[in-house]
A.B. asks: 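So that we are looking at the same thing, I have put the structure below in structure tokens.
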Amino acid sequence: MKLWKRLMAGVAAIGLACGLTGCSGLDSITGGKRIIRIAHAQSEEHPEHIGMLKFKEIIEEKLGDKYEVQIFPNELLGSAQKAIELTQTGAIDFVVAGTANVETFADSYEIFSMPYLFTSQDAYREVMNDTEYMQKLYNSTDESGFRVLTWFDAGTRNFYSTKPIHSPDDLKGQKIRVQQSPASVNMVKAFGAAASPMSFGEVYTAIQQGVINGAENNELALTNNKHGEVAKYFSYDQHQMIPDVLIGNTKFLDSLSDEEYDIFMEAAQAATEVELEEWQKAVLEAKEYAQNEQGVEFIDVDVQAFRDKVVMVQQDMLEENPNIVEMYEHIQQVNKKYE
Ligand code: GCU
């Protein structure tokens, strides 16, 4: 989206979210219904948006006399970190964001930024779909004003750049955008590149203007976010699987009756089911489009060579952050089942 259009849309959206309600997140502009505001950073074609439409459908079908759900895509209410803050303070009610953006709010979420944490997609999905196990982590931020309700698959993260990357050596001297995540900054440095943290919405222009050489993400970043127009080499080094999560304002969630709360949880679960199904299709489509329409070259690399570079990053993280150790061990057990 052009910058001015983005700004105008953002101003209008924030006006709606804050101006009319004094940013309290309470009361609304339509006939006595409480407006539920949800922010996310993806386009309207993205599996997460489709998942959140399911969330909206269920809430409005079952509680439509009381609630209206409004979804703000494309970082309209600000970058992921900004939107988490808005959710934390109750200016909006929900945000979908990557756990890398949550780690500065709650360091136990750092676990998912650990490079090569999951050794297969099956292990990743099994861990994340174990809602009972995840509850402890999800509820651990209640005192900070937010709680996670569910997760979304955001695929496997890989490097892509204006210059081909065949081995870790090719990263030397390259400036790579990372999420605003200290763990990801350390990881990229360990690979030998310079790390440039910035919000998702800034990446396209930064590559186009040569401020950075590339970034790292799943295949959809090439198409949904158009990065494939400016970065033509995508290397399958598979360094991270970082989930996105649906985060709600604790006060709002606690204000719901038991029955309402169950419906919100049911809607969140349904959103995940829709998203997981859409995700597989979306990755295949994105790859095909990137290859055929954008001229992106997909490069298979020796993953072990990349893994070797960041062994110390894993160890340092475990030593420095006791809050991630238990989950790390749990994930190792699940990994073993699929090796
Ligand atoms: C993916 C992920 C987002 C994340 C983004 C990024 O799109 O789904 O949650 O914010 O990457 O790299 O910033």
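Here the structure is a predicted model, which is why all the values come from computation and not from measurement. In listed order, ligands and their atoms are each counted from 1.
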A.B. asks: On the six-membered ring of Tyr67, is Arg34 placed so that its NZ or CZ lies under 6.0 angstrom from the centre and within 45° of the ring axis?
C.D. replies: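 Cation-pi check for Arg34 and Tyr67: fails.
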
A.B. asks: Tell me, with the steps shown, if His227 and Asn225 meet side chain to side chain donor-acceptor pair (under 3.5 Å).
C.D. replies: CA-CA 6 Å; His227 298 176; Asn225 308 90; 5.2 Å; no

A.B. asks: Using distance alone, determine whether Gly98 and ligand 1 share an N or O pair under 3.5 Å.
C.D. replies: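 Between Gly98 and ligand 1, an N or O pair is found under 3.5 Å apart.
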
A.B. asks: List the closest protein heavy-atom neighbour of atom 7 (O) of ligand 1: residue, atom name, distance to the nearest 0.1 Å.
C.D. replies: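 Result: Gln42 NE2, 3.0 Å.
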
A.B. asks: Just to be sure I read this right, does ligand 1 sit under 4.0 Å from the backbone of Ile242, its side chain, both, or neither, counting only heavy atoms?
C.D. replies: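 Contact part for Ile242 vs ligand 1: neither.
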
A.B. asks: Consider every N or O of Asn218 and every N or O of ligand 1, then say whether any pair is closer than 3.5 Å.
C.D. replies: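 Checking ligand 1 against Asn218, no N or O pair falls under 3.5 Å apart.
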
A.B. asks: Residue-level breakdown please: for Ala80 versus ligand 1, do any non-hydrogen atoms fall below 4.0 Å on the side chain, on the backbone, on both, or on neither?
C.D. replies: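 The answer is neither; Ala80 stays 4.0 Å or more away.
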
A.B. asks: Write out the residue and atom name of the closest protein heavy atom to atom 10 (O) of ligand 1, then the distance separating them to 0.1 Å.
C.D. replies: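 That would be Gln179 OE1, 3.4 Å.
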
A.B. asks: A quick test of your reading: do over 12 heavy atoms of other residues, nucleotides or ligands sit less than 6.0 Å from CD of Glu326?
C.D. replies: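 No, because the 6.0 Å sphere around CD of Glu326 holds 12 heavy atoms or fewer from other groups.
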
A.B. asks: Mind checking whether Asp244 has an N or O less than 3.5 Å away from an N or O of ligand 1?
C.D. replies: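 Among all N and O atoms of Asp244, at least one is under 3.5 Å from an N or O of ligand 1.
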
A.B. asks: For Lys56, does the NZ atom sit with more than 12 other heavy atoms under 6.0 Å from it, leaving out its own atoms?
C.D. replies: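 Yes, NZ of Lys56 has more than 12 neighbouring heavy atoms, counting only those of other groups under 6.0 Å.
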
A.B. asks: Taking transitive links into account, so neighbours of neighbours count too, which hydrophobic residues share a cluster with Leu284 at under 4.5 Å side-chain distance?
C.D. replies: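 Taking Ile, Leu, Val, Met, Phe, Trp and Tyr as members, Leu284 stands alone, with no cluster partners.
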
A.B. asks: Quick check: does Glu48 get an N/O under 3.5 Å from an N/O on ligand 1?
C.D. replies: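 N/O-N/O distance below 3.5 Å does not exist for this pair.
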
A.B. asks: Counting each atom of ligand 1 from 1 as listed, which ones have a heavy atom of Arg157 under 4.0 Å away?
C.D. replies: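 In order of number, 1 (C), 6 (C), 11 (O), 12 (O).
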
A.B. asks: Cut-off 3.5 Å, side chains only: do Asn323 and Asp107 have a donor facing an acceptor?
C.D. replies: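 Checked: Asn323/Asp107 side chains pair up, N/O donor to acceptor below 3.5 Å.
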
